[in-house]
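What follows is a short report on a single structure.
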Amino acid sequence: MTNYDITVIGGGNAALCAAITAAEAGARVLILETAPKPYRGGNSRHTRNFRCAHDGPLGPLVESYGENEYLDDLLKVTAGNTDEKLARLAIRSSEECLPWMEAHGVRFQPSLSGTLSLARTNAFFMGGGKSLVNAYYRTADALGVDVLYEAHVTHLELSGDRIARIDYTHQGDDHSIEPTAVIVASGGFQADTDWLARAWGPAAKNFLIRGTPYNRGVVLADLLDQGIDSVGDPTQCHAVAIDGRAPKFDGGIVTRLDCVPFSIVVNKQAERFYDEGEDVWPKRYAIWGRLVAAQPDQVAYVIIDSKSLDLFMPSVFPPLKADTIENLAGMLGLPLAKLCETLDAFNSACGDTSAFHPTELDGVTTTGIAPAKTNWARPINTPPFYGYSLRTGVTFTYLGLKVDETAQCFNATGPIRNLWAAGETMAGSILGQGYLAGFGMTIGTVFGRIAGREAAAYAN
Ligand SMILES: Cc1cc2nc3c(=O)[nH]c(=O)nc-3n(C[C@H](O)[C@H](O)[C@H](O)COP(=O)(O)OP(=O)(O)OC[C@H]3O[C@@H](n4cnc5c(N)ncnc54)[C@H](O)[C@@H]3O)c2cc1C
């Protein structure tokens, strides 16, 4: 095998940004990607946008989005659980990422308007994450980066202050290489549901994993076992409520459901458990992942009537439809008497609905029931009726490798001289809890480029 300067573990956004940067600095780079080629690209192939600071209009982004405003947005969701120095570095560097991405093959959509209102803050990839990943693979190939698919890294041998050996399997055979420099970009551990269950309890076995089945945290666990510094809490992850019929892995963005604000949501005992109308859905759909996780069997059911069917983005799988609540209860497997009781109580608690406004907090609320529904509370009484099941969909976990501003990893005695980390696997260094839409790709792009630059400088 060629003598490589840098071995990159993983084949998603962070890995590719690192590999391209290192190759442009003259390094010979090998990517070890555990997925087969058609499934390369990890969670990155599911993405749609990245969050980008800018002083004035930039590419598809309108107006401006300064460092301090971006940081404030981050601090609101992490409740201050953020390494400010690293966060500022990611935010400040995001501005130069956009032209870099374009120069390396990524194309952006014209700015979006509408309910998401992200035209100022988030740049959307033309063709989504899959075409971003494909563009980067083409660029890497042109730069002479070698990629080995179905190359599953099992162990990095730490010897003193450096990684002396990488063990991996390829098509059933065991291999080892003695690397000069190593960049770990192999994501979180969310696809290992045993590990999730150790952190969360047995409920985690019922979670769905929105992204790749290949991010099982094998390299992360191996490095943590050898005393590499970690960061983050194993119970913290990004989780949302998604269509309960989504596949166990890789359902992606299309499995989200936007109907909750116009519904009642009940658990399998047909009881409501939270205010469905607390806020607009983009601000609430992440908390519903945890709410559903706390229900029996980690499942919930959304019920709407014909008045609401056209008020939200259509679902990828059509809802269950019935002319009567009796039939819908049967289709959803809900106890009929209790569902009728819950629905009657809800409908009776609805008042004047003349101010109903589907895209604003309209204050159309229930009175006299707990939990209240504080916006968009209209009786569910106009057949046909529609139902969906809801489950918790995990996006990615936050426990990771601790890095500094140069993306370097450490243990108790100091830096590991030839080990850097980028992307989801170190995102916990910045993001202690909560999530800001588009920040995952920002972290991966910024720290991937830093890791590539630093590893190349070391190897040279
Ligand atoms: C449905 C969905 C939508 C999302 N939308 C967005 C969005 O719009 N914007 C945003 O910023 N973020 C989004 N995210 C989060 C985003 O995907 C991640 O933050 C980002 O992709 C992380 O990039 P990464 O390179 O670190 O990891 P990944 O892209 O997941 O890459 C990890 C790679 O490591 C490989 N790997 C794992 N283990 C091994 C091993 N042992 N040996 C070799 N290779 C290994 C995997 O196969 C994979 O190629 C979304 C996530 C999901 C699931």
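Sequence positions, counted from 1, serve as the residue numbers for this chain. Heavy atoms only: backbone and side chains are in, while hydrogens, waters and symmetry mates are out. In listed order, ligands and their atoms are each counted from 1.
- When only interatomic distances are considered, the shortest N/O to N/O separation between I9 and ligand 1 does not fall below 3.5 Å.
- The closest donor-acceptor contact from the side chain of H54 to the backbone of E63 lies under 3.5 Å.
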I would like to know whether K76 and D73 meet salt bridge (Lys or Arg N to Asp or Glu O under 4.0 Å); could you show each step before the answer?
CA-CA 5 Å; K76 270 181 226 151; D73 287 344; 3.5 Å; yes

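- Annotation for ligand 1: atoms under 4.0 Å from non-hydrogen atoms of H152 are 40 (C), 41 (N), 42 (N).
- Close approach of ligand 1 to I253 is summarised as follows: ligand atoms under 4.0 Å from at least one heavy atom of the residue are 1 (C).
- Close approach of ligand 1 to F396 (heavy-atom distance below 4.0 Å) involves ligand atoms 15 (C), 19 (O).
- Ring centroids of Y70 and F439 are separated by less than 6.0 Å, placing the two rings close together.
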Steps toward salt bridge (Lys or Arg N to Asp or Glu O under 4.0 Å) verdict (D275, R284)
CA-CA 10 Å; D275 177 0; R284 276 295 162 271; over 6 Å; no

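- Between F396 and Y435, the ring-plane angle classifies as perpendicular under the 30° and 60° cut-offs.
- When side chains are defined from C-beta on, F410 does not count as touching K402, because their heavy atoms never get closer than 4.5 Å.
- Using bins of under 30°, 30° to 60° and over 60° for the plane-to-plane angle, the ring pair F50/F108 lands in the tilted bin.
- Interface atoms of ligand 1 facing G42, defined by a heavy-atom separation under 4.0 Å, are 28 (P), 29 (O), 30 (O), 31 (O), 48 (C), 49 (O).
- On a distance-only criterion, V153 and ligand 1 share at least one N/O pair closer than 3.5 Å.
- Between the side chain of Q408 and the backbone N or O of I416 there is at least one donor-acceptor pair closer than 3.5 Å.
- In this structure a side-chain-to-backbone donor-acceptor pair under 3.5 Å is present from E276 to V265.
- Closest to atom 19 (O) of ligand 1 among all protein heavy atoms lies G440 CA, 3.3 Å.
- By the criterion of a heavy-atom distance under 4.0 Å, both the backbone and the side chain of N43 are placed next to ligand 1.
- Looking at N375, its side chain never comes within 3.5 Å of a backbone N or O of P261 through a donor-acceptor pair.
- Protein heavy atom nearest atom 45 (C) of ligand 1, with residue, atom name and distance: T34 CG2, 3.4 Å.
- Protein heavy atom closest to atom 8 (O) of ligand 1, with residue, atom name and distance, is R48 N, 2.9 Å.
- Close N/O approach between E33 and ligand 1 is found [any backbone or side-chain N/O within under 3.5 Å].
- Heavy atoms of L32 found under 4.0 angstrom from ligand 1 belong exclusively to the backbone.
- Here is the list of ligand 1 atoms found below 4.0 Å of a heavy atom in G252: 1 (C).
- Among protein heavy atoms, atom 51 (C) of ligand 1 sits closest to T395 CG2, 3.3 Å.
- For ligand 1 and G10, the ligand atoms under 4.0 Å from any heavy atom of the residue are 33 (C), 34 (O), 35 (C), 44 (N).
- With a 4.0 Å cut-off on non-hydrogen atoms, A185 touches ligand 1 through its backbone and not its side chain.
- With a 4.0 Å heavy-atom cut-off, ligand 1 is reached by the backbone of A151 but not by any atom from C-beta on.
- In this structure, F439 counts as a contact residue of ligand 1, since one of its heavy atoms falls inside 4.0 Å of the ligand.
- Contact annotation: the side chain of H238 approaches that of R210 to within less than 4.5 Å [non-hydrogen atoms, C-beta and beyond].
- Using a 4.0 Å cut-off to heavy atoms of Y214, the atoms of ligand 1 that qualify are 37 (C), 38 (N), 47 (O).
- In this structure, the protein non-hydrogen atom closest to atom 13 (C) of ligand 1 is T47 CG2, 3.4 Å.
- Nearest protein neighbour of atom 21 (O) of ligand 1, counting heavy atoms only, is S44 OG, 2.9 Å.
- Nearest protein heavy-atom neighbour of atom 22 (C) of ligand 1: E424 OE2, 3.4 Å.
- Polar contact with ligand 1: present for M441 (N/O pair, distance under 3.5 Å).
- Ring geometry for F207 against W200 counts as perpendicular: the plane angle is over 60°, on a 0 to 90° scale with 30° as the lower cut.
- Between T78 and L431 the shortest side-chain heavy-atom distance falls below 4.5 Å.
- Scanning the protein for heavy atoms near atom 9 (N) of ligand 1, the closest one is N49 O, 2.8 Å.
- A heavy-atom distance below 4.5 Å is not found between the side chains of Y214 and E33.
- At under 3.5 Å, a nitrogen or oxygen of G438, whether backbone or side chain, sits near a nitrogen or oxygen of ligand 1.
- By the 4.5 Å heavy-atom criterion applied to side chains, H46 and I253 are not counted as neighbours.
- Ring orientation note: the planes of F189 and W195 are close to parallel, at an angle under 30° on the 30°/60° scale.
- With a 4.0 Å cut-off on non-hydrogen atoms, Y435 touches ligand 1 through its side chain and not its backbone.
- When each atom of ligand 1 is checked for a heavy atom of V219 under 4.0 Å away, the hits are 41 (N).
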